[in-house]
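In what follows, chains carry the letters A, B, and so on, assigned in the order in which the sequence lines appear, proteins first and then strands, with residues in each chain numbered from 1.
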2 protein chains.
Amino acid sequence: MNIDIRHLRAFQAVAETGAFRRAAERLRMSQPALSAQIRDLEREVGVVLFDRTTRRVELTGAGREFLPQAAKLLGDLEAALRGLTDLAQHRRGHVAVACAPLLASVMLPELIATFLAAHPGIRISLIDARTDQIVDKVRSGEADLGIGTFADAEPGIARTRLFRDELLLFVPRRAPAPRRAATWAEIADEPLVALTRESGLRALVEMGFGTLGRPARPAYEVAQVTTAVALVEAGLGVAVLPAAARAIAHDRRVTLRALGQPRVARDVSLIVASGRSPTPAAQAFAAHARVRASGALGRRT
Amino acid sequence: MNIDIRHLRAFQAVAETGAFRRAAERLRMSQPALSAQIRDLEREVGVVLFDRTTRRVELTGAGREFLPQAAKLLGDLEAALRGLTDLAQHRRGHVAVACAPLLASVMLPELIATFLAAHPGIRISLIDARTDQIVDKVRSGEADLGIGTFADAEPGIARTRLFRDELLLFVPRRAPAPRRAATWAEIADEPLVALTRESGLRALVEMGFGTLGRPARPAYEVAQVTTAVALVEAGLGVAVLPAAARAIAHDRRVTLRALGQPRVARDVSLIVASGRSPTPAAQAFAAHARVRASGALGRRT
DNA sequence: CGATATTCATAACCAAAGACTATCAATCAA
DNA sequence: TTGATTGATAGTCTTTGGTTATGAATATCG
């Protein structure tokens with residue numbers, strides 16, 4: 001026989017109600033069962049906790065000493081379990097999201113805002129990082145989730161597609177641009193604003209130029225998409241950027257054109273560490289991201 | 001299904017050993033039983049606590065958060081139960097003893113000293129009070145035990161005799177006193193040092209004089225036995241006091257003589273409240289008192 | 001790359017703890 | 001004194017939790 005939460009609850013109920021019968025009612029159990037609990041508890045600790053006749057039940061000295069301790073134990077247990085169920089039910093928690101810089105600026109703010117509206121107790125950290133760093137952070141546990149474009153088979157990583165993000169041509173808004181899609185061949189001789197080689201987006205652009213049999217030869221190389229758009233707006237060249245960057249170009253004098261032959265796109269995916277169970281909060285955020293991606297975000301591309 | 005100490009122990013063991021198998025060994029149970037415990041705990045709180053493959057077991061974020069809380073709960077429970085068993089095994093506790101003044105000064109000091117030598121963790125309060133007050137304090141719970149001379153049938157009071165305490169005649173040590181017993185008749189005309197009417201001992205003296213058909217007519221009335229002995233030593237009179245006062249007369253110029261026709265004695269008893277369970281410490285002290293009374297203290301009378 | 005051994009999960013079965021009903025004994029109230 | 005209320009006890013049964021046997025998965029070693 002080992003002391004049990006049940007014993008503590010029984011003790012507390014009897015102490016507080018001052019009667020076995022009422023305590024048994026409160027605990028939704030029969031009075032003999034409760035008597036047995038108290039009997040076992042007293043035998044286990046070797047101390048009489050209640051002086052009881054058939055008409056009166058009151059704490060002994062030892063019982064009076066034990067009551068606050070038992071109450072505290074039950075309260076602490078309650079609180080600890082409550083803490084866990086709060087996590088389970090997304091009333092509390094923390095999600096660290098690692099995300100490519102462009103998406104971090106154009107997609108995550110809205111995603112986080114809508115998520116927090118539904119789950120006000122959850123805290124979110126946003127880490128913007130390059131693709132390879134995202135994978136590392138997710139694998140190490142530094143980030144719970146990663147959002148970006150990833151290679152097919154990363155070991156220890158589970159991936160789900162969020163949406164397809166097509167490359168578009170960003171040109172200065174001078175004359176009315178033709179509505180038809182541009183081609184890679186057409187822009188081959190235009191001054192090109194490209195991202196640096198560290199960027200995952202640069203690789204996509206190289207893929208497009210690869211169909212022409214030659215690498216991209218940028219007139220400008222910049223680290224951030226915002227900068228690239230600004231250069232285009234200034235009329236210094238054209239840029240090939242994913243549709244996600246549309247939001248950045250929105251109130252600038254930049255025109256977007258489709259870009260074909262071939263159309264190039266990337267898959268924006270959400271990754272988690274496949275070995276690790278995501279926290280409930282991370283699961284909720286991932287679910288939220290998937291829903292929004294197939295809805296509003298998806299339609300935008 | 002309700003969360004249980006057992007679940008917390010299982011969780012802690014797995015978390016600390018990092019393996020179900022080793023944890024099961026530590027808990028002296030089979031591995032499947034342990035797996036079931038963890039499974040139930042996780043289902044109850046709705047959160048995965050361990051990420052486990054067949055080769056690796058590690059805490060999830062929620063598990064890492066829960067571990068210190070579980071450890072503290074188990075520690076607190078341990079401590080609280082330890083507190084109770086400490087009481088049960090007389091390693092700790094408190095006894096309030098109410099005692100007649102004479103006995104408090106001649107008998108209790110040694111009784112307490114020998115008791116504390118055996119039970120260093122127990123604290124003792126000594127309340128010296130008149131007989132009727134002793135009964136009240138024991139009945140109300142203010143005192144755990146009472147020691148003194150009591151009426152036969154006090155309601156709510158259980159009494160056990162410790163020893164018999166005979167009245168002796170205390171005379172100034174002048175000429176060598178006769179060895180034979182004195183009689184009440186002989187001292188009828190001596191100047192008498194008596195205790196005040198509040199004292200229980202005074203009633204015994206009155207009982208002795210009662211056999212002569214008259215009340216005591218004290219030359220002096222004092223509140224304390226010590227004072228009475230001092231007056232006798234100064235040659236101002238004789239006193240009739242119980243044998244327990246022998247210790248007070250010990251290194252004073254006072255001679256003790258037996259006092260007969262009739263011999264008068266009182267029973268010194270130990271009382272407890274019959275409705276209330278005595279604390280383990282009080283039980284131990286009572287047992288100690290009974291043993292010592294039938295031994296050293298008893299022989300002294 | 002395949003065989004082996006280790007580890008956790010599952011299934012089936014069983015023992016024991018614990019709960020319930022019925023009843024007894026004790027105490028308070030009328 | 002009698003009736004009503006309350007805690008304890010006895011007997012029966014359900015349920016929980018344990019064990020053994022076995023399966024599935026993964027790391028290790030040849």
- Message: Distance check needed: D:dG17 C1' versus B:R39 CZ, whole Å only.
- Response: 10 Å
- Task: Please state how far atom CG in B:L41 lies from atom P in C:dA9, giving the value in whole angstrom units.
- Result: 13 Å
- Are side-chain heavy atoms of A:V48 and A:F50 found at a separation under 4.5 Å? no
- Query: Between A:S35 and D:dA8, does any side-chain N or O lie under 4.0 Å from OP1 or OP2?
  - Reply: yes
- Query: Quick one: which of C:dT7, D:dA8, C:dA9 gets closest to the side chain of A:R52?
  - Reply: D:dA8
- Query: So, A:R202 and A:E206, do they make that salt bridge, N to O below 4.0 Å?
  - Reply: yes
- Query: Tell me: CG of B:N2 to P of C:dG18, nearest whole Å?
  - Reply: 14 Å
- Item | side chain to side chain donor-acceptor pair (under 3.5 Å) between B:T279 and B:Q283, intermediate numbers included | CA-CA 6 Å; B:T279 64; B:Q283 286 179 34; over 6 Å; no
- Task: Just call it for A:A33: base, sugar-phosphate, or nothing, with non-hydrogen atoms closer than 4.0 Å on any strand.
- Result: sugar-phosphate
- Item | Gap between atoms CG and C1', on A:L34 and C:dA17 respectively (whole Å) | 16 Å
- Message: What's the separation between atom CD1 in B:I271 and atom CZ in B:F150, rounded to the nearest 0.5 Å?
- Response: 4.0 Å
- Task: Kindly calculate the angle separating the two end axes of the helix from C:dC1-D:dG30 to C:dA30-D:dT1, each obtained from five base pairs, and round it to 10 degrees.
- Result: 30°
- d(CZ, B:R43; P, C:dA9) in whole Å: 14 Å
- Message: What residues from residues 19-32 of chain B pass a heavy-atom cutoff of under 4.0 Å to DNA chain D?
- Response: B:M29, B:S30, B:P32
- Task: Would you kindly give the CD1-to-P distance between B:I3 and D:dG17, to the nearest whole Å?
- Result: 10 Å
- Query: Is it the case that more than 12 heavy atoms not belonging to A:R26 sit under 6.0 Å from its CZ atom?
  - Reply: yes
- Item | Under-4.0 Å salt bridge between A:R92 and B:E65 | yes
- Atom CG of B:D40 and atom P of D:dG17 are separated, to the nearest Å, by 7 Å
- Item | C:dA19 OP1/OP2 closer than 4.0 Å to side-chain N/O of A:Q37 | yes
- Task: Please tell me which of A:R56 and A:R6 maps to the more 5' nucleotide of DNA chain C, matching each residue to the nucleotide holding its nearest heavy atom.
- Result: A:R6
- Message: For the NE2 atom of B:H7 and the CD atom of B:E44, what is their distance to the nearest 0.5 Å?
- Response: 8.0 Å
- Measure the spacing between OG of B:S140 and CZ of B:R276 and express it to the nearest 0.5 Å. 7.0 Å
- Query: How long is the line joining CG of B:D4 and P of D:dT15, in whole Å?
  - Reply: 19 Å
- Parallel, tilted or perpendicular: ring planes of B:F66 versus B:F11, cut at 30 and 60 degrees: tilted
